[in-house]
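To keep things clear, I will list the structure first and then write my remarks on it.
Here the structure is a predicted model, which means the values were calculated and not measured.
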Amino acid sequence: MTRVLVTGGAGFIGSHVVQTLTGAGCEVTVLDWGHPAAHRDPLPAEIAGAPVRVGDLRDPAAVDAALAGVDVVVHQAAMVGLGVDLDDLPEYVGCNDLATAVLLARMARAGVRRLVLASSMVVYGEGGYSCARHGQVRPGPRVVADLAAGRFEPPCPRCGEPLAPELVDEDAPLDPRSVYAATKVAQEHLTAAWARQTGGAVVALRYHNVYGPGMPRDTPYSGVAAIFRSAVEAGRSPRVFEDGGQRRDFVHVRDVAAANLAAVTATAALGGWRAFNVASGRPATVGEVAAQLSRTARGPQPVTTGEFRLGDVRHIVADPGRAAAELGFRARIGLAEGVAEFASAPLRG
């Protein structure tokens, strides 16, 4: 029986991962701090039969106690989203990077050499693009003046002509464009260095837009699907930023949990560090998702506002091929099916 420690296992994604791992016969323990950005209620004593240890990953003693007898760590704990403003920066770095560094140091000391890291699509910045004249290109950072004028599509950095969005694979350059994104890149680099120095195995799962039952309600740290769902539930029109044409890959949380189970198995044979997109491979625009959610829930139709957040990117759609070939993971839940469930599923308080 594989013994697994799931950090952040009381959170939205983490609790689904715990349920999937216990259902597969793993012996699971949860270590979670109950950060107020993700939890408004006290943590439960157990999740799907797995005991919950309340502790901060930045506390070496708490980590040591949780690692006892563990074969593999599934590291879900993180502060997510774009946050409120730059005052959040120290908390992001503390929760995401310092906490990861402490975890890795204690794993090395305990002789635990297998890790699954919850990474994110945000490490790429913008997705893949091609120019009719110059082939594949990387657009520069978005400019406030362009966004304020409603020019949302990034131009070719060489000729200024419109670009065509393409799939992004795991070999794309890392180009973080928000504080959260920078901390996720740092997590990847820290875990890669740890793998080299310890001979350990790391699977970094780059989640795309995860949605599903148990998402936190509308907060500055919530995903866009939860923000839309909270609005519809309150009888308000979902507010769609920009022109609604931003392309994303929405992947259901139960599929993400299945990817984690596949990654736990893979670490037993894998040496070194390897990244995988966790995505459906079926892109949709943000406006389409808002409209589908409103229709399904029989709520007010979305309003496209033209508002923008500078840390957002325009298009990011994944190539899921590596996960299919090497982990045997394919997302099973289509967007229509997932949104139909999500429209009435309970959210986290």
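- Taking the side chain as every heavy atom from C-beta outward, E126 and D175 never approach each other to under 4.5 Å.
- Put simply, I333 and V256 are part of two different groups of oily side chains (I, L, V, M, F, W, Y) that touch within less than 4.5 Å, one to the next.
- For the side-chain contact (heavy atoms from CB on, under 4.5 Å) with T183, the lone residue among D97, V123, L89, V80 that qualifies is D97.
- Separating the CD atom in E188 from the OG1 atom in T100 is a distance of 11.0 Å, to the nearest 0.5 Å.
- For the pair V203/F276, a side-chain contact is recorded, criterion being any heavy-atom separation below 4.5 Å from C-beta on.
- Cluster partners of V137 are Y129, L163, counting Ile, Leu, Val, Met, Phe, Trp and Tyr whose side-chain heavy atoms approach within less than 4.5 Å, directly or via other members.
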*In sequence, state the C-alpha distance, the side-chain angles, and the governing distance for F241 and V286, and then conclude on side chain to side chain contact (heavy atoms under 4.5 Å, CB included).*
CA-CA 9 Å; F241 281 14; V286 171; over 6 Å; no
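- Using a 4.5 Å cut-off on side-chain heavy atoms (C-beta onward), E166 and S130 make contact.
- C159 places a side-chain heavy atom less than 4.5 Å from the side chain of H134.
- Distance alone, capped at 3.5 Å, is enough to place a donor-acceptor pair between the N96 side chain and the M79 backbone.
- Counting only distance, with no hydrogens or angles, the side chain of R206 and the backbone of A275 share no donor-acceptor pair below 3.5 Å.
- Inter-residue side-chain proximity for E242 and R314 is flagged as met; some heavy-atom pair is nearer than 4.5 Å.
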*asked:* Let's go through V210 and V253 carefully: what are the C-alpha distance in whole Å and the side-chain angles of both, what is the deciding distance for side chain to side chain contact (heavy atoms under 4.5 Å, CB included) to 0.1 Å, and is it a yes or a no?
replied: CA-CA 6 Å; V210 185; V253 67; 3.9 Å; yes
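- Side chain of T267 to backbone of V264: a donor-acceptor contact under 3.5 angstrom is found.
- In this structure, D312 and Q246 have side chains that are not in contact, with every pair of non-hydrogen atoms separated by 4.5 Å or more.
- Put simply, the side chain of L21 reaches to within 4.5 Å of the side chain of L261, judged on heavy atoms.
- Contact record, I47 with A10: CD1-CA, 3.4 Å, taken as the closest heavy-atom pair.
- R229 places a side-chain N or O within 3.5 Å of a backbone atom of F342 that can act as its donor or acceptor partner.
- Here the options are D171, D169, N277, the test is side-chain hydrogen bond (donor to acceptor under 3.5 Å, both in side chains), and the partner is R322; only D171 passes.
- Cluster membership for L103 and W273, using ILVMFWY side-chain heavy atoms within less than 4.5 angstrom, is shared.
- One finds the SG atom of C156 at 8.0 Å from the CD atom of E161 (value rounded to the nearest 0.5 Å).
- Placement of V232 and V224 in two distinct hydrophobic clusters is found when ILVMFWY residues are connected by side-chain heavy-atom separations under 4.5 Å, directly or transitively.
- In this structure the side chain of L293 never reaches within 4.5 angstrom of the side chain of P238, judged on heavy atoms.
- Summarising the local packing, CD of Q19 is surrounded by 12 or fewer heavy atoms from other residues, nucleotides or ligands at distances under 6.0 Å.
- Counting only distance, with no hydrogens or angles, the side chain of R142 and the backbone of F152 share a donor-acceptor pair below 3.5 Å.
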*Between Y124 and E170, is a side chain to side chain contact (heavy atoms under 4.5 Å, CB included) present by the stated rule, with each step listed?*
CA-CA 9 Å; Y124 298 120; E170 293 85 351; 3.9 Å; yes
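- With hydrogens and angles left out, the side-chain atoms of H252 and E341 include a donor and acceptor closer than 3.5 Å.
- Not less than 6.0 angstrom separates the ring centroid of H208 from the ring centroid of F250.
- One N or O on the side chain of W194 and one on the backbone of L104 form a donor-acceptor pair closer than 3.5 Å.
- Other residues, nucleotides and ligands contribute more than 12 heavy atoms inside 6.0 Å of the CD atom of E233.
- Atom-to-atom distance recorded for Q187:CD and L117:CG is 5.0 Å, nearest 0.5 angstrom.
- Note on I227 and F308: separate hydrophobic clusters, where clusters join Ile, Leu, Val, Met, Phe, Trp and Tyr whose side-chain heavy atoms are under 4.5 Å apart, directly or indirectly.
- At least one donor-acceptor pair closer than 3.5 Å links the side chain of T7 to the backbone N or O of Q76.
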*List the steps and the verdict of side chain to side chain contact (heavy atoms under 4.5 Å, CB included) for T29 and V70.*
CA-CA 9 Å; T29 301; V70 164; 5.8 Å; no
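- At distances below 3.5 Å, not a single donor-acceptor pair connects side-chain atoms of H35 with backbone N or O atoms of A77.
- For R248, there are no salt bridge (charged side-chain N to carboxylate O under 4.0 Å, His left out) partners at least two apart in sequence or on another chain.
- Counting heavy atoms of neighbouring residues, nucleotides and ligands inside a 6.0 Å radius, atom CD of Q301 exceeds 12 of them.
- Under a cut-off of 6.0 angstrom, the local environment of CZ in R282 is crowded, with over 12 non-hydrogen atoms contributed by other residues, nucleotides or ligands.
- In this structure, S294 contributes its side chain and G299 its backbone to no donor-acceptor pair below 3.5 Å.
- Checked by atom type, the side-chain pair D249/S280 shows a donor-acceptor distance below 3.5 Å.
- Cluster annotation: V63 and V74 are assigned to distinct hydrophobic clusters (Ile/Leu/Val/Met/Phe/Trp/Tyr, side-chain heavy-atom contacts under 4.5 Å, transitive).
- Of the possible polar contacts, none joining the N260 side chain to the V116 backbone as a donor-acceptor pair under 3.5 Å is found.
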